[in-house]
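Report on one structure; see the data block that follows.
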Amino acid sequence: VQLQSGGGLVQAGGSLRLSCAASGRTFSNYFMGWFRQAPGKEREFVATISRSGGNTYYADSVKGRFTISRDNAKNTVYLQMNSLKPEDTAVYYCAASTYSSSSYAHRYEYWGQGTQVTVSS
């Protein structure tokens, strides 16, 4: 089970931090990712992190503004979002994979419930 929190409404240029807490599994065994889906659009990759947290990878659209991190002791992955833009508005999902740090949604077996992020201009 993955429980997400931290979404909300923020003005352009502001910041938000999303959290995704996992239970029922050995969290450090999983590669973690964040995806988002805007209304009328397909789900898209945002960021991913390796099991140890030592390697990260970002979509070009968020590189330099978003930071993915994890705390394996707390079974939690985070997405720090800075310099938010209206085009970042979407439902954000965390996901867990036993395979790899991938940008492909189908490589992830477990998904959070999603949290809404709205950025006003």
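None of the values given here were measured: they were computed from a predicted structure.
- Under the side chain to side chain contact (heavy atoms under 4.5 Å, CB included) criterion, S19 pairs with S5, R17, T76, Y78, not counting sequence neighbours.
- Evaluation of the side chain to side chain donor-acceptor pair (under 3.5 Å) rule for Y30 yields no partner, not counting sequence neighbours.
- Residues T98 and N29 form no side-chain contact, since every pair of their non-hydrogen atoms from C-beta on lies 4.5 Å or further apart.
- Under the disulfide bond (SG atoms under 2.5 Å apart) criterion, the residue pairs touching residues 9-105 are C20-C94, with sequence neighbours excluded.
- By the 4.5 Å heavy-atom criterion applied to side chains, T89 and Q116 are counted as neighbours.
- For K63, the salt bridge (Lys or Arg N to Asp or Glu O under 4.0 Å) partners are D60, not counting sequence neighbours.
- In this structure, A38 and A90 approach most closely via the heavy-atom pair N-CB, 3.8 Å.
- Among residues at least two apart or in separate chains, ring-ring contact (aromatic ring centres under 6.0 Å, His included) pairs with a member in residues 38-74 are F35-F45, F45-Y57.
- Under the 4.5 Å side-chain contact rule for hydrophobic residues, V62 and V117 share a cluster.
- Remark: F27 engages no residue in a ring-ring contact (aromatic ring centres under 6.0 Å, His included) (not counting sequence neighbours).
- Proximity of R43 to W111: side-chain heavy atoms (C-beta onward) are separated by under 4.5 Å at one or more points.
- Between atom OG1 of residue T115 and atom CG of residue L79 there is a gap of 11.0 Å, rounded to the nearest 0.5 Å.
- With sequence neighbours excluded, the residues that form a salt bridge (Lys or Arg N to Asp or Glu O under 4.0 Å) with R65 are D88.
- Applying the salt bridge (charged side-chain N to carboxylate O under 4.0 Å, His left out) test to residues at least two apart or on different chains, none of the pairs has a partner in residues 92-101.
- Looking at residues two or more places apart in sequence or on another chain, you find a side chain to side chain donor-acceptor pair (under 3.5 Å) between E44 and R36.
- Taken together through direct or relayed side-chain contacts under 4.5 Å among Ile, Leu, Val, Met, Phe, Trp and Tyr, V77 and Y93 form parts of separate hydrophobic clusters.
- A continuous path of hydrophobic side-chain contacts links Y92 to V10 [ILVMFWY only; heavy atoms under 4.5 Å].
- Using a 4.5 Å heavy-atom cutoff, the side chains of Y108 and T48 are in contact.
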Hey, can you pull the donor-acceptor pairs under 3.5 Å for the side chains in residues 99-107, sequence neighbours left out?
residue : atom : partner : partner atom : Å
S101    : OG   : I49     : O            : 3.2
S101    : OG   : S50     : N            : 3.4
S102    : OG   : Y104    : N            : 2.9

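- Here the CD-OG distance, from E87 to S121, works out to 10.0 Å after rounding to the nearest 0.5 Å.
- By the side chain to side chain donor-acceptor pair (under 3.5 Å) test, S28 is found to be paired with no residue, residues two or more places apart in sequence or in another chain being considered.
- Considering only residues two or more places apart in sequence or on other chains, E109 meets the salt bridge (Lys or Arg N to Asp or Glu O under 4.0 Å) condition with none of them.
- In this structure, the separation between CD on Q80 and CG on L16 is 8.5 Å, given to the nearest 0.5 Å.
- The 12-atom threshold is not exceeded at CG of N55, counting heavy atoms of other residues, nucleotides or ligands nearer than 6.0 Å.
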